[in-house]
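What follows is a set of notes on a single structure, which appears directly below.
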Protein chains: 2
Amino acid sequence: MGVNLKDIAQRAGVSLATVSNVVNGYRPVGERTRQRVQQAIDELGYSPNLGARHLRRGRTGLIALAVPELTNPYFAELAEIAISEAAALGYTLVMENTAAQREAELALLDGSRQRVIDGLILSPVRVGRKEVLARTAGSPLVLIGEGVYDVPHDHIAIDNVAASHAAIRHLVAIGRRRIAFIGATPGGDRQSAHLRVRGYREALAAAGLPYRPRLVARTDAFGRLDGMRAMRDLLALGDPPDAVFGYNDLIAIGALRALAEAGHRVPEDVAVVGIDDIEEGRFTAPTLTTIAPDKREIGRLAVRRLVARIEGAEVEGPLTVQTPFRLLRRESTGTPDA
Amino acid sequence: MGVNLKDIAQRAGVSLATVSNVVNGYRPVGERTRQRVQQAIDELGYSPNLGARHLRRGRTGLIALAVPELTNPYFAELAEIAISEAAALGYTLVMENTAAQREAELALLDGSRQRVIDGLILSPVRVGRKEVLARTAGSPLVLIGEGVYDVPHDHIAIDNVAASHAAIRHLVAIGRRRIAFIGATPGGDRQSAHLRVRGYREALAAAGLPYRPRLVARTDAFGRLDGMRAMRDLLALGDPPDAVFGYNDLIAIGALRALAEAGHRVPEDVAVVGIDDIEEGRFTAPTLTTIAPDKREIGRLAVRRLVARIEGAEVEGPLTVQTPFRLLRRESTGTPDA
DNA sequence: TTGAAAGCGCTAACAC
DNA sequence: GTGTTAGCGCTTTCAA
């Protein structure tokens, strides 16, 4: 249907190769020839058939970003950044939704889809080191977020333990003593949940506060509903917490809701902190204090690393990059930043 | 790099065509032969090169979903549905973010990208009938959401006017008289904003209430921040509203925030209604009354229509499909559903 | 500086 | 039921 190289070559009275060279600049073309070709291209409205180009080059120009839940604003915000970065580098980004399913993550790793995409950015939650190592697909892989360590792939993440420390230190600094954590995982999954719990425990210890297992609430998933339910359970304890640190902002927002329903004041009765800095947290009542990862940095770095690997470029620096984060104090801990 | 048809053919001692037939079922293959081929496929770990297949078939297997903002949960939720529906039909869905930019929408319509994708689902906000008609790209187009009418393309949307009616009727029914609208557009863009304003005016008239232009707040964009600012302005009026209808849930949530900051009670002083039924609205304090479009229906229908067009199937029924919606009463209008 | 031509891996029309 | 083969549109080597 479309106009192709041959049409242009005929119209301009040159060979296919010459047209290709005008389009790709693979080797020099005489000025007059180039003009004739360019004119033909403009007149006929040619644009290359990327499928054919990719077949020839052995690449598709597609990279995938696989996230456990697209409806988590954190991933939506990350996706928006990654999409534009990929476009800037001449790649098209395909979104995959693993729905936090182990099979979906394995399928991605093992490349049932892999023949179509040149590389994969994966936020793993149900697979670990072993599964990543067992990967057979040959295309580059960049891991983001969760903690699958000691694998021969690029990995972009914040320092989860340090992030927890920062959150807990803040809560301790405003005088809280019974600090709960919501979002521990039942199984061995969600490495980052383990890391965040570890940071929580370490920070409690550093502050001289006791670790109370009953204040660590497990959840099956990591959405608002999970946070709300867990908070209700915590409030039902004989001696409820005076602060809550959520695995992520959605959980913290769910906790805010449960607290409001139960008539507790935030932050007076209970202070709340999350992680992710999703926009929603700036509009809750009260606004949500959070640990803000540098999403722009994560999204851009992940795409750039992946593309560099695909194109065989040298990548300097270590495989694992820890991106910075900041504590954003807002109303839910009573001490908004300026 | 990968294993290809030829490798399998050699291994199994058959021709390329036979292997292709085993894989695609284009024509029958003898049972014994099929087994030998299947064994070779399993042993060598073959999976077809989709690029080559698509080149041959003249299709890429890619469809695009272009939305004005991926970080609007409405679109994220819609995308999640569309991605899985596309996968079920054997297509891969590519997300495009137009960022509500006219140029981005035009580029999509006119197919600078079009050679790679088999079809496009577009939520237009800055282009109208004329631009859609001027489209040169030949691949199928399905419009969702906004009101670009009288064009020869499938269009899936809710009845915006009727949705407004439902919202306003509800507010009138609970005794509100000074009902504001937030999210009118300055220029000629966002057809749906015009339609929603029209529904608002019609419903006011039907209820015998005066139309007060000062209660219609314009916004540049349609996020939480826009809603918050507009609400602040409305509150600064000599005679502020006793109810607010937001163009969408994000705007309504921004309005909630402004009301909370100003110390107004919702719904006692001001009732609030949005449109979209994003999950966030179930967790705000108070929870948000909203008009809930059937996102699942919209997402699935859009993908199915598009695929049907791509594959040249007969599509019955009219081009424009209006999907159902429901009013979900929650705390922000004081009368939660059961 | 330009042209001719060999495929990339696959499908489908045409043979047998 | 199976094999042979001509391309899909493009890039890139080899020649001129």
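Chain A is the first sequence line, chain B the second, and so forth, proteins listed ahead of strands; every chain is numbered from 1. Quantities reported herein were computed from a predicted structural model and do not represent experimental measurements.
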Please report the interatomic distance [atom1]([X]) to [atom2]([Y]), rounded to the nearest 0.5 Å.
X        : Y        : atom1 : atom2 : answer
A:Glu131 : A:Glu105 : CD    : CD    : 9.0 Å
B:Phe75  : B:Leu70  : CZ    : CG    : 10.0 Å
A:His155 : A:Leu122 : NE2   : CG    : 9.5 Å
B:Ile117 : B:Thr92  : CD1   : OG1   : 12.5 Å
A:Ile63  : A:Ser139 : CD1   : OG    : 11.0 Å
B:Leu306 : B:Leu120 : CG    : CG    : 7.5 Å

Could you list all N or O pairs between the protein and nucleotides 14-16 of chain D that sit under 3.5 Å apart?
residue: D:dC14; atom: N4; partner: A:Arg27; partner atom: NH1; Å: 3.1

task: Please determine, by modelled atom types, if B:Thr60 and B:Asp118 share a side-chain donor-acceptor pair under 3.5 angstrom.
output: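 Yes - a donor-acceptor pair under 3.5 Å links their side chains.
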Picking from [options], which would you name as closest to the side chain of [X]?
X       : options                : result
B:Asn4  : D:dC10, C:dC10, C:dA12 : C:dC10
A:Arg56 : C:dC10, D:dG9, C:dT1   : D:dG9
B:Thr33 : D:dT2, C:dG9, D:dG9    : D:dT2

- prompt: Under the salt bridge (charged side-chain N to carboxylate O under 4.0 Å, His left out) test, which residues partner A:Asp154, sequence neighbours left out?
  reply: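 For A:Asp154, the residues satisfying salt bridge (charged side-chain N to carboxylate O under 4.0 Å, His left out) (neighbours in sequence not counted) are A:Arg305, A:Arg309.
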Without decimals, in angstroms, what is the distance between [X] [atom1] and [N] [atom2]?
X       : N      : atom1 : atom2 : answer
B:Tyr26 : C:dC14 : OH    : C1'   : 10 Å
B:Arg59 : D:dC8  : CZ    : P     : 17 Å
A:Leu5  : D:dT11 : CG    : C1'   : 9 Å
B:His54 : C:dA12 : NE2   : P     : 12 Å
B:Arg57 : C:dC8  : CZ    : C1'   : 18 Å

- request: Rounded to 10°, tell me the angle between the two end axes of the helix from C:dT1-D:dA16 to C:dC16-D:dG1, each built from five pairs.
  value: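 Angle reported: 40°, given to the nearest ten degrees.
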message: Check the phosphate of D:dC10 against A:Tyr46, side-chain N and O only, distance under 4.0 Å to OP1 or OP2. Yes or no?
response: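 A:Tyr46 to D:dC10 OP1/OP2: side-chain N or O found under 4.0 Å.
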query: Below 4.0 angstrom from OP1 or OP2 of D:dG9, is there any side-chain N or O of A:Asn49?
result: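 Answer is no, no contact under 4.0 Å.
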- prompt: Could you give all pairs that pass the side chain to side chain donor-acceptor pair (under 3.5 Å) test and reach residues 6-16 of chain A, with sequence neighbours left out?
  reply: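 Pairs touching residues 6-16 of chain A that pass the test: A:Arg11-A:Glu43, A:Ser15-A:Thr18.
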task: Quick one: list whatever passes side-chain contact (heavy atoms from CB on, under 4.5 Å) with A:Leu65, sequence neighbours left out.
output: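 Once residues adjacent in sequence are excluded, the partners of A:Leu65 under the side-chain contact (heavy atoms from CB on, under 4.5 Å) criterion are A:Val67, A:Ala79, A:Ala82, A:Leu93, A:Met95, A:Ile121, A:Ile144.
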task: For B:Arg34 and B:Asn21, run side chain to side chain donor-acceptor pair (under 3.5 Å): C-alpha distance rounded to whole Å, both residues' side-chain angles, the deciding distance at 0.1 Å, then the answer.
output: CA-CA 9 Å; B:Arg34 137 165 287 116; B:Asn21 286 326; over 6 Å; no
query: Is there a residue in residues 7-25 of chain B whose heavy atoms reach under 4.0 Å of DNA chain C, and which residues are they?
result: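 Going residue by residue through residues 7-25 of chain B, the ones with a heavy atom under 4.0 Å of DNA chain C turn out to be B:Ala17, B:Ser20, B:Asn24.
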- request: Would you mind telling me which residue lines up with the more 5' stretch of DNA chain D, B:Arg34 or B:Leu55, judged by nearest nucleotide?
  value: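 Looking at DNA chain D, the more 5' nearest nucleotide goes with B:Arg34.
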